[in-house]
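Written below as structure tokens is the structure these notes are about.
Below, chain A is the first sequence line, B the second, and so on; all start at residue 1.
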There are 2 protein chains.
Amino acid sequence: MIYSSELIKGTLKTIVLKLLADNNKMYGYEITQRVKELTSEKIQITEGALYPTLHALENEGLLTTEIEYIGKRVRKYYRLSPSGKTKSQEKLSEFSDFIQTMIFLLDIKTKTA
Amino acid sequence: MIYSSELIKGTLKTIVLKLLADNNKMYGYEITQRVKELTSEKIQITEGALYPTLHALENEGLLTTEIEYIGKRVRKYYRLSPSGKTKSQEKLSEFSDFIQTMIFLLDIKTKTA
DNA sequence: TGCAAATACATCAGATTCTTATGTATCTTT
DNA sequence: AAAGATACATAAGAATCTGATGTATTTGCA
């Protein structure tokens with residue numbers, strides 16, 4: 001089961017910032033694969049959505065980039081800047097709060113794993 | 001604290017369908033107020049977002065409407081149709097699953113050294 | 001009594017964000 | 001040799017929301 005796209009809307013930046021907070025550096029394609037793997041393919045991040053988002057975060061000064069070459073193929077690594085680290089924590093904390101609110105509002109029974 | 005609007009994107013239909021599943025019938029303005037009240041004003045549904053959504057749900061056959069007059073002022077009540085009840089449960093179940101996935105995804109500790 | 005705020009509907013231009021398609025190029029597997 | 005995976009990127013169009021605007025009625029209170 002893949003979640004309807006509207007559900008995932010607005011969560012992409014949060015996901016990216018959190019992954020980069022946990023992993024020193026990551027490149028775009030790696031992010032799509034990691035998310036797919038970690039969510040049992042329930043969340044599929046498309047490249048058309050991811051790359052513009054990464055560029056936007058970079059333009060906001062939240063990410064820095066480094067180019068690496070794997071053979072002749074280019075690979076662009078992203079890393080959190082200091083302000084990116086702060087932003088990542090803020091976004092995560094806000095999302096966490098939001099989830100609690102939604103669980104209450106929608107009266108959702110959570111699985112205590 | 002009011003959640004950044006992007007976070008709430010895509011959850012509006014789910015919220016509306018759930019409220020209507022719990023309350024026999026509701027009108028638009030009432031929905032905005034109920035959500036504001038239930039979330040301590042953290043989630044503010046604007047009328048510009050709500051009314052088009054209600055109209056869309058009605059066009060999909062998920063909601064039925066009844067007009068009532070309070071004095072001279074019109075009030076439009078919305079109610080779940082049978083297919084709306086099914087849809088409400090589906091949406092809720094999907095959202096619940098999505099939240100579990102997000103909790104897991106955003107809670108991962110660093111895998112790299 | 002009079003005026004601001006609240007109630008209640010609605011639409012719409014513009015902004016944001018995502019989907020889907022397309023493009024380029026390299027590397028790996030069969 | 002071809003297909004699929006890796007890896008970047010852009011862009012038209014769709015979907016959805018914000019913020020403004022519009023109309024009208026009712027309530028609260030100074």
Side-chain angles (χ1 to χ4, degrees), chain A residues 2-17 19 25-37 41-60 62-63 65-79 91 95 98, chain B residues 2-17 19 25-37 41-60 62-63 65-79 91 95 98:
Chain A
I2 298 171
Y3 300 124
S4 69
S5 65
E6 60 173 26
L7 257 194
I8 302 171
K9 276 181 203 284
T11 62
L12 185 50
K13 280 188 186 177
T14 305
I15 291 172
V16 168
L17 290 172
L19 283 181
K25 61 177 183 176
M26 294 183 85
Y27 54 97
Y29 187 75
E30 185 185 13
I31 292 175
T32 66
Q33 299 307 302
R34 185 71 59 85
V35 170
K36 199 161 84 173
E37 174 199 329
E41 311 209 349
K42 287 177 174 179
I43 297 181
Q44 312 253 15
I45 294 180
T46 61
E47 294 172 286
L50 180 62
Y51 289 119
T53 295
L54 285 172
H55 301 161
L57 291 172
E58 188 186 1
N59 286 336
E60 287 176 56
L62 302 174
L63 305 184
T65 59
E66 298 155 44
I67 299 292
E68 263 189 36
Y69 280 89
I70 309 299
K72 285 181 184 171
R73 193 157 55 191
V74 76
R75 186 181 281 177
K76 200 167 169 185
Y77 277 100
Y78 290 88
R79 196 188 289 268
K91 278 287 202 182
F95 189 74
F98 172 66
Chain B
I2 297 172
Y3 300 123
S4 69
S5 65
E6 60 174 25
L7 256 194
I8 302 172
K9 275 180 202 284
T11 62
L12 184 50
K13 281 188 184 176
T14 305
I15 291 172
V16 168
L17 290 172
L19 282 181
K25 61 178 186 178
M26 294 184 86
Y27 54 98
Y29 187 75
E30 185 184 16
I31 292 174
T32 66
Q33 299 308 302
R34 186 70 59 86
V35 170
K36 198 162 84 173
E37 176 199 328
E41 311 209 349
K42 286 177 176 179
I43 297 181
Q44 312 253 16
I45 294 181
T46 63
E47 293 171 287
L50 180 63
Y51 289 120
T53 295
L54 286 171
H55 300 162
L57 291 171
E58 189 186 0
N59 286 337
E60 288 177 54
L62 302 175
L63 305 183
T65 59
E66 297 156 44
I67 299 293
E68 261 189 36
Y69 279 89
I70 309 298
K72 284 180 185 172
R73 191 157 56 192
V74 75
R75 185 180 283 178
K76 199 166 168 185
Y77 277 101
Y78 289 88
R79 195 188 289 270
K91 278 286 202 185
F95 189 74
F98 171 67

Where is the tightest heavy-atom contact between [X] and [Y], given as atom of each residue plus distance?
X: Pro52(A); Y: Ala49(A); answer: CD-O, 3.6 Å
X: Leu12(B); Y: Ile45(B); answer: CD1-CD1, 3.5 Å
X: Tyr27(B); Y: Lys76(B); answer: CB-O, 3.1 Å

Regarding Glu30(B) and Lys25(B), does a basic nitrogen lie under 4.0 Å from an acidic carboxylate oxygen?
no
With a 3.5 Å cut-off and just heavy-atom distances, do the side chain of Arg73(A) and the base of dT6(D) make a donor-acceptor pair?
yes
Rounding to a whole Å, what distance do you find between [X]:[atom1] and [N]:[atom2]?
X: Ile43(A); N: dC18(C); atom1: CD1; atom2: C1'; answer: 14 Å
X: Ile70(B); N: dA8(C); atom1: CD1; atom2: C1'; answer: 10 Å
X: Arg75(B); N: dA8(C); atom1: CZ; atom2: P; answer: 4 Å
X: Glu47(B); N: dA6(C); atom1: CD; atom2: P; answer: 13 Å
X: Lys72(B); N: dT7(C); atom1: NZ; atom2: P; answer: 21 Å
X: Glu68(A); N: dC27(C); atom1: CD; atom2: P; answer: 15 Å
X: Met26(B); N: dC9(C); atom1: CE; atom2: P; answer: 11 Å
X: Leu50(B); N: dG19(D); atom1: CG; atom2: P; answer: 16 Å

Beyond-backbone contact of Thr65(A) with Leu54(A), side-chain heavy atoms, under 4.5 angstrom:
no
In the structure I gave you, are the side-chain heavy atoms of Phe98(A) and Thr11(B) within less than 4.5 Å of one another anywhere?
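Side-chain contact under 4.5 Å: yes.
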Rounded at 0.5 Å granularity, tell me how far CD1 in Ile8(A) sits from CD in Gln44(A).
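Atom-to-atom, Ile8(A):CD1 and Gln44(A):CD are 8.5 Å apart.
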Rounded to the nearest 0.5 Å, what separation is found between the CG atom of Leu19(A) and the CD1 atom of Ile31(A)?
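If we round to the nearest 0.5 Å, Leu19(A):CG and Ile31(A):CD1 are 6.5 Å apart.
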Net bend of the helix from dT1(C)-dA30(D) to dT30(C)-dA1(D), end axes of five pairs each, nearest 10 degrees
30°
Give the residues of residues 3-15 of chain A touching DNA chain D, defined as any heavy atom closer than 4.0 Å, sorted by residue number.
Glu6(A)
Looking at [X], does any N or O in its side chain come under 4.0 Å of the phosphate oxygens OP1/OP2 on [N]?
X: His55(B); N: dC9(C); value: no
X: Tyr29(B); N: dA6(C); value: no
X: Thr53(B); N: dT16(D); value: no

Starting at the 5' end of DNA chain D and moving along, which residue's nearest nucleotide shows up first, Ile45(B) or Tyr77(A)?
Tyr77(A)
Could you please spell out the steps behind the side chain to side chain contact (heavy atoms under 4.5 Å, CB included) verdict for Glu47(B) and Tyr29(B)?
CA-CA 8 Å; Glu47(B) 293 171 287; Tyr29(B) 187 75; 4.1 Å; yes
Reckon Gly48(B) touches a base, only the sugar-phosphate, or nothing at all at heavy-atom distances under 4.0 Å?
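Touches a base.
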